[in-house]
Each structure stands twice: as C-alpha cells, then as structure tokens.
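Just so it is clear: chains get the letters A, B, ... in the order the sequence lines come, proteins before strands, and each one is counted from 1.
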Number of protein chains: 2
Amino acid sequence: MDRRQQKTRTAIFSAFTALLAEKSYHKITVQEIIDAANVGRTTFYAHFAAKDDLLQALCQELFGHIVGSALDRTHTHGLYSDGSAPESVFCHLLQHLRENDNNILGLLACQSSEIFLRYFKNSLNELVRTQLVERRGAAQLPLPQDFLINHISGSFVEMVLWWIKGRMKQTPEELDGYFRAVIEPVL
Amino acid sequence: MDRRQQKTRTAIFSAFTALLAEKSYHKITVQEIIDAANVGRTTFYAHFAAKDDLLQALCQELFGHIVGSALDRTHTHGLYSDGSAPESVFCHLLQHLRENDNNILGLLACQSSEIFLRYFKNSLNELVRTQLVERRGAAQLPLPQDFLINHISGSFVEMVLWWIKGRMKQTPEELDGYFRAVIEPVL
DNA sequence: TAAGATAACAAACACCTTGTTCGTTTTTAT
DNA sequence: ATAAAAACGAACAAGGTGTTTGTTATCTTA
C-alpha cells in the first residue's frame, strides 16, 4: 500500500480527533479538518465520502480493535465467574481505556460523546452476549437474556461515562469492584 | 400572552417533532421546519435563536414536565422501599411514557434518540438523588452515592431504550419488575 | 370600536459549507 | 526511467444560515 495514503489517512484521523476535543462533531467543518491535517480538499473526498464516513471509519478502527482484543481474552479467562478478580474482562477493558493508546478516552469525554458511547455499547453487546451464552444455559437465567445483556453493557458504558466525567479518580480495579457489586447479584 | 405566539410556537414544535420521526436532527433544516409549520422565516428566528435553541426548549418542556410530576409523586410514595409494587415511581414513569401524551416516546425512539436520552437521564439524576438522600444516610450505602445514582438512572434509561427498540412488548409493570430485580439487590 | 402595539410575513441579502470537476505537480513502485 | 497513483489548488453550483427591510394582519385595552 502506498505510503502517501497511510500518511494522509492518519493525518486526517488525528486532526479530526484533535478537533473533537475542542468542539462538537456537528460544528466541525470539512474545511477545518483539511486545514488542520494539511491536506487538500480533493484528497479528503478521495478518502472519505463525507464527514460521516470519516466518523464511521474512526469508530470502526478504535472500537473494533479494543473489543476484539477483549474478546480474545474471554476465551481464556471468562467474563466473571472464574472468580479471579483482576483477570476479569471488564477490568482489563478499563485498564486498556486508561492507557488510552489511541485516544479513545478523549472521544468518550468529548462534547459529542453520545455518538461514541452508542458505538461502544453496541460493540460491548456482542462481547457480553457471546460470553453469557457460553457460560450458562438460557433457561437458568432469572431474567430475559436480551434484557440482561442490555443491562450489563448499558451499565458498563454509563459507568465509564461517569468515571470520565468525574476525572477518573478511581483506579480501574476499584471501578471493576463497583461493577461486580452491581452486576454479580443479578447473574 | 398573545395567542399568535402560542400558535406559532406549538406549530413549530409539532412540525419539529414530526420531522424528527423521519430524519436525523442534524439533517433537518430550518427551511423544512418553517415549511412544515407554515411559518415565516423571520418568525422562526424571532422565537428561537437557532435550531439548537428549539431543541433545548422542546426538551425542557417535555422532560421538565414528566419528571416534575414524578418528583411530586416521590413525596407521597417513595422511590421503592415502601414495598408496594405498582406504586413505585419508576413504574409510574413507564406508564406515563406509554401513554405518550406529548410524544416523548417518539423522540426517544427516533434516529437522534441519544440527544433525548441524555437529557432524560440528567433529569432522572435529580429525581434519584433527592430520593436516595431522603431515604438513607449516606454512610449506610454500600457504594459511593454518586456512583449509585448514576447507575440507577443510567440503567433505567438504557432499559427504556431497549424497551422501545424492542417495540415495547413488555407492560410497564413487567418492566418495572425487571428493574427492581436488578436494582434492589444493590441498595 | 378605534388606536397603538405587537407579531407574522415575503423578499432579498451576504456569508458560509458542501461536494465536484479539471488540469497540474509530486511521489511511489517496478 | 517510466508509468501509475496520489495529492494539489482553484474554481464551481447548489443549498443552508441568520439578518435586514418594509409591509400587512392580528391582538389588546382603553
């Protein structure tokens, strides 16, 4: 693959994420993005059909990666029920978030966080579903499976949002403790 | 207050909500709104500084009202701990939603639902906070108060979203049962 | 019911954003 | 070294925004 393509692609991505830290997604113009990325107008549209496309691509790259790696982890460690606290997938996810390799936290904390939160939650849904189905037969669950999955990933996402907005005063391990406290009783 | 003002205000509101059922908030233009409302351009801007203003006003009117009435209710019935199932505030809230006086459901189900969900959750936070503080001393809580408040209102909002997306197959009473099942264990 | 105030209106405006086109220049891969 | 691929600047039409201006319709209250 042409180096030039990679270069402009990442230039656009990082200019975009930088802008997202400043202002709402919908107030960001393509003009600002290409100025910040130092990229020609034509070039931008050669890579992305529109601003929405860029957003989509960014989400896919970030969340696809983070949840994908968490999914691998569930195969060895399980969601929760193995009892070994610091190995829980959720704890690992939180640690991964705090390390913040590719600035996911920035996106979840920005003015347009709802957009990324929804994407995050959808990704989590799959993760939780596969895990829940593996662990227990559907018949044993005290509540409808769909409801439970939604409750778990929804609670997690809301917790992360709360964490970030509160300036992340808790460690991932503490937070994982809170989460276990509210989720394990209903499993 | 001048009847003309009320008339155009409600005309704009209902045109706006109708449009929201069709397309995303950000793709709706002021032109479409005033066409649908049959209102002059100048008139629109006399009422609202911009599209965002209209959104804000709509949210305030709808959620302010629904949560306000729920808040009154807590003074007589409490959040949950009185034990009388069908009287819980959350159940009442769900019933109120299903009746759908002013089309709140439409907004929570529309393409731009995230916007309204956030607003809804913020309103709920106050409701839950006042209730939680009244009921129990902060010292008795097993988890940080802020975390709990966020968890409760967050879970509720996510549940409502799940309910709507699943075409509301459950009755408010069923749903309230689910909610109690996942919340009461952690109180 | 008449007078004055208030609100709605249409038309035109300057300005900005979008997405596309075209011809040219730079970079890459072979 | 050359041909393909990518980036570029400039210019474009189309459409949205928010404001201004002067006029008309409607309310309030005296």
Side-chain angles (χ1 to χ4, degrees), chain A residues 1-61 107 110-116 119, chain B residues 1-61 107 110-116 119:
Chain A
M1 163 150 318
D2 206 315
R3 272 177 244 157
R4 289 171 292 179
Q5 284 193 61
Q6 272 305 332
K7 207 174 131 196
T8 58
R9 192 179 163 88
T10 60
I12 290 174
F13 272 158
S14 68
F16 185 44
T17 51
L19 282 168
L20 278 167
E22 286 174 20
K23 57 203 301 191
S24 151
Y25 167 72
H26 293 96
K27 308 226 163 182
I28 295 173
T29 70
V30 174
Q31 193 61 54
E32 290 172 315
I33 298 173
I34 64 182
D35 284 351
N38 210 17
V39 153
R41 188 169 197 72
T42 327
T43 308
F44 177 89
Y45 284 106
H47 281 258
F48 305 100
K51 214 177 55 175
D52 283 7
D53 229 49
L54 170 58
L55 179 68
Q56 196 67 19
L58 183 65
C59 286
Q60 205 154 349
E61 195 149 311
L107 298 181
C110 80
Q111 285 182 53
S112 306
S113 54
E114 331 87 36
I115 299 172
F116 301 101
Y119 207 101
Chain B
M1 165 152 314
D2 205 315
R3 272 177 244 159
R4 288 171 296 179
Q5 283 192 61
Q6 271 305 332
K7 206 174 132 196
T8 59
R9 192 180 163 88
T10 59
I12 290 175
F13 272 157
S14 68
F16 185 44
T17 51
L19 282 167
L20 278 166
E22 286 175 21
K23 57 203 302 191
S24 151
Y25 167 71
H26 294 96
K27 309 227 161 180
I28 296 173
T29 69
V30 172
Q31 193 62 54
E32 290 172 316
I33 298 173
I34 64 183
D35 283 351
N38 209 16
V39 153
R41 189 169 196 70
T42 327
T43 307
F44 177 89
Y45 284 106
H47 280 258
F48 305 100
K51 215 177 54 173
D52 283 8
D53 229 50
L54 170 58
L55 180 67
Q56 197 67 21
L58 183 65
C59 286
Q60 205 154 349
E61 194 149 312
L107 298 181
C110 79
Q111 285 182 52
S112 306
S113 55
E114 331 88 35
I115 300 173
F116 302 100
Y119 208 101

Q) Hey, is NZ on Lys23(B) packed in by over 12 heavy atoms from elsewhere, all under 6.0 Å? A)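 Atom NZ in Lys23(B) is packed in, count exceeds 12.
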
Has [X] got a side-chain N or O lying under 4.0 Å from the OP1 or OP2 atom of [N]?
X: Gln31(B); N: dG16(D); result: no
X: His47(A); N: dA6(D); result: no
X: Arg3(A); N: dA29(C); result: yes

How close or far is atom [atom2] of [N] from atom [atom1] of [X], stated in whole angstroms?
X: Gln6(A); N: dA5(D); atom1: CD; atom2: C1'; answer: 15 Å
X: Phe48(B); N: dA7(C); atom1: CZ; atom2: C1'; answer: 14 Å
X: Tyr45(B); N: dC9(C); atom1: OH; atom2: P; answer: 15 Å
X: Glu32(A); N: dC16(C); atom1: CD; atom2: C1'; answer: 12 Å
X: Gln5(B); N: dC9(C); atom1: CD; atom2: P; answer: 13 Å
X: Lys7(B); N: dT26(D); atom1: NZ; atom2: C1'; answer: 9 Å
X: Asp52(B); N: dG18(D); atom1: CG; atom2: P; answer: 9 Å
X: Phe44(A); N: dC8(D); atom1: CZ; atom2: C1'; answer: 16 Å

Q: Examine distances only and state if a side-chain atom of Gln111(B) and a backbone atom of Glu22(B) form a donor-acceptor pair shorter than 3.5 Å.
A: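 Yes, Gln111(B) side chain to Glu22(B) backbone: donor-acceptor pair under 3.5 Å.
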
Q: Answer whether the closest heavy-atom distance between the side chains of Phe48(B) and Leu58(B) falls below 4.5 Å.
A: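 Sidechains of Leu58(B) and Phe48(B): no contact.
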
Q. Is it the case that Thr8(A) and His47(A) place a side-chain donor and acceptor less than 3.5 Å from each other?
A. yes

Report yes if a donor N or O on one partner sits less than 3.5 Å from an acceptor N or O on the other, where the partners are the side chain of [X] and the base of [N]; otherwise report no.
X: Arg41(A); N: dG19(C); value: yes
X: Arg4(A); N: dT27(C); value: yes
X: Thr42(A); N: dG9(D); value: yes

Which nucleotide, [options], lies nearest any side-chain atom of [X]?
X: Val39(B); options: dC9(C), dT28(C), dG18(D); value: dC9(C)
X: Val30(A); options: dT18(C), dA7(C), dG18(D); value: dT18(C)
X: Thr43(B); options: dA8(C), dT28(C), dT17(D); value: dA8(C)

Q.
Please report the interatomic distance OG1(Thr43(B)) to CD1(Ile12(B)), rounded to the nearest 0.5 Å.
A.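 Separation between the atoms: 7.5 Å.
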
Q | Closest-nucleotide ordering on DNA chain D, the 5'-leading residue of Ala50(B) and Thr8(A) | A | Thr8(A)

(Q) Reading DNA chain D from 5' onward, which residue's closest nucleotide shows up sooner: Lys51(B) or Asp2(B)? (A) Lys51(B)

